[in-house]
Amino acid sequence: MSELSHVDGEGRARMVDVSAKADTTRVALAAGELRTTAEVIALVRADDLPKADVLSTARIAGIAGAKKTSELIPLCHQLALSSVKVEFGFTDTAITIEATAKTKGPTGVEMEALTAVAVAGLTLHDMVKAVDPAATLNDVRLLTKDGGKHGHWERSAATPASEPETTDVETDFESRSAVVVVASTGAAAGTRVDTTGPVLTEWLAGLGFSVRGPLVYADADIAVGLADALRFQPALVVSTGGTGASPTDATPEATLALLDRELPGVAEAIRQRGTAKFPLAALSRGVAGLSGRSVLVNLPGSPGGVKDGIAVLEPLLDHLLAQVAGGGNHDDN
């Protein structure tokens, strides 16, 4: 068992001396969720709670919390944070929280990201407690970290929290990591409830993926959303929405700008499955392909389109991801 870094040889707490470590760019991504009621979710999305501007207030609190981490947690080092980003998403009964912290220095920034999630979550609780005093802040956890001598570490859905695996960036693609992105102007504005992102998240988690999201973006911002999804080089990115012929539908164009190679057969199989039951599915312009060693797949923004996409993708994923990682080339035609 590894020794605890914050305990000396006599079992006393200590602050680790990092003066001999090299300065590197370090990034950490943490997540959590506030479990509450469907009523609260609707009120927050409509910005209709007695305490208004709930998400903006929680976002500012999370950023401020990250900056105060060394004052809140006794043995943490003071860090010059170069960036703190706090984002929220929704499921039927939860507000999801993600925080990314970045610095350049001799020690990691994990605690800053975790503190941002915790403080943002507690602020959300304070804002909704008048309607739901039983709300709970759950699953505050580190998802990824980069920098330092260990390079990239990523939480695996199959790995217990007490036994994290430290890997180099080059082997990261062997992990089952996925991001779900939703393109919906209405869902991003809180005027409609997205039902597709949570379905994809649950499906991928059931297949053993460590899932980030759903990340919800307006159609006009989907290029930013897809770039953010690729930031930690996941094995798989699945988007839903924005694939039609409307002037605001921009997901295929944003995806093509990120692809190194297309997988036209995957996109066509999804369309064919949809049109067999619903002729208008032929209007979907969704694409699929590879960005580096990440697989990107666009699905339509309807429950039926997502169901068709899942049916096509599930039998392909293991072999496809093995190929992209450099293996699994048998029986190719």
Side-chain angles (χ1 to χ4, degrees), residues 29 31 89 96 98 143-144 146 152-159 165 167 169-183 194 196-217 222-243 251-252 254-270 273 284 286-301 305-329:
L29 172 66
T96 61
E98 287 192 354
L143 296 182
T144 64
D146 288 272
H152 181 88
W153 176 86
E154 181 169 329
R155 176 178 297 277
S156 168
T159 302
E165 295 180 352
T167 63
V169 173
E170 289 76 14
T171 62
D172 176 47
F173 300 100
E174 297 176 5
S175 67
R176 291 177 70 84
S177 56
V179 184
V180 175
V181 182
V182 177
D194 168 59
T196 57
V199 170
L200 288 168
T201 301
E202 183 178 357
W203 167 62
L204 289 166
L207 294 179
F209 283 86
S210 173
V211 187
R212 182 180 171 215
L215 308 179
V216 181
Y217 288 85
I222 190 59
V224 175
L226 291 171
D228 180 53
L230 288 168
R231 185 166 28 140
F232 295 103
Q233 302 174 309
L236 176 67
V237 175
V238 182
S239 74
T240 170
T243 64
T251 302
T255 302
L256 287 168
L258 296 168
L259 296 184
D260 301 313
R261 291 184 290 164
E262 287 191 63
L263 295 169
V266 173
E268 196 54 45
I270 294 169
R273 186 175 183 90
S284 173
V287 298
L290 308 178
S291 178
R293 286 189 283 176
S294 296
V295 176
L296 276 72
V297 181
N298 298 157
L299 300 183
V306 166
K307 185 182 296 186
D308 292 334
I310 288 173
V312 170
L313 289 173
E314 187 160 330
L316 300 178
L317 277 181
D318 286 344
H319 186 65
L320 172 58
L321 296 179
Q323 278 194 325
V324 174
N329 290 315

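Here, residue 1 is the first one in the sequence, and each next residue gets the next number. Just so you know, these numbers come straight off a predicted model, no measurement behind them.
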Minimum heavy-atom separation for Trp153 to Leu143, with atom names? CZ3-O, 3.8 Å
What pair of heavy atoms forms the shortest contact from Ala267 to Gly286, and how long is it? CB-O, 3.5 Å
Just so I know, are the side chains of Leu200 and Ile310 near enough to count as touching, which here means a heavy-atom distance under 4.5 Å? yes
For Val238 and Leu299, which heavy atoms make the closest approach, and how far apart are they? CG1-CD1, 3.7 Å
Partner residues of Asp228 under the salt bridge (Lys or Arg N to Asp or Glu O under 4.0 Å) criterion, sequence neighbours left out: Lys85, Arg212, Arg231
With respect to Leu236, which candidate in Val211, Val324, Leu317 satisfies the side-chain contact (heavy atoms from CB on, under 4.5 Å) definition? Leu317
Do Leu256 and Glu262 touch side chain to side chain, with heavy atoms closer than 4.5 Å? yes
Is there side-chain contact between Leu296 and Leu230, with heavy atoms separated by less than 4.5 Å? yes
Short side-chain to backbone donor-acceptor contact, Thr240 and Pro300, under 3.5 Å: yes
Any chance CD of Glu202 has more than 12 other-residue heavy atoms, nucleotides or ligands included, within less than 6.0 Å? no
For Pro252 and Gly242, the nearest pair of non-hydrogen atoms, with its separation, is CD-O, 3.2 Å
Thr255 and Asn298: side chain donor to acceptor below 3.5 Å: yes
Does the side chain of Val312 reach to within under 4.5 Å of the side chain of Asp308, using non-hydrogen atoms? no
Judged by atom type as modelled, is there a donor-acceptor pair below 3.5 Å linking the side chain of Ser210 to the main-chain atoms of Ser177? no
Between Val266 and Val295, is there a side-chain heavy-atom distance shorter than 4.5 Å? no
If you take all heavy atoms of Ala325 and Arg293, which pair is closest and at what distance? O-NH1, 4.1 Å
Looking at Asp318 and Arg176, is any side-chain nitrogen of the basic one under 4.0 Å from a carboxylate oxygen of the acidic one? yes
Give me the atom names and distance for the closest heavy-atom approach of Leu259 to Ser291. CD2-N, 4.3 Å
Assess, by modelled atom type and distance only, whether the side chains of Ser284 and Thr243 contain a donor and an acceptor separated by less than 3.5 Å. yes
With no hydrogens and no angle check, is any side-chain donor or acceptor of Thr196 less than 3.5 Å from a backbone partner on Gly301? no
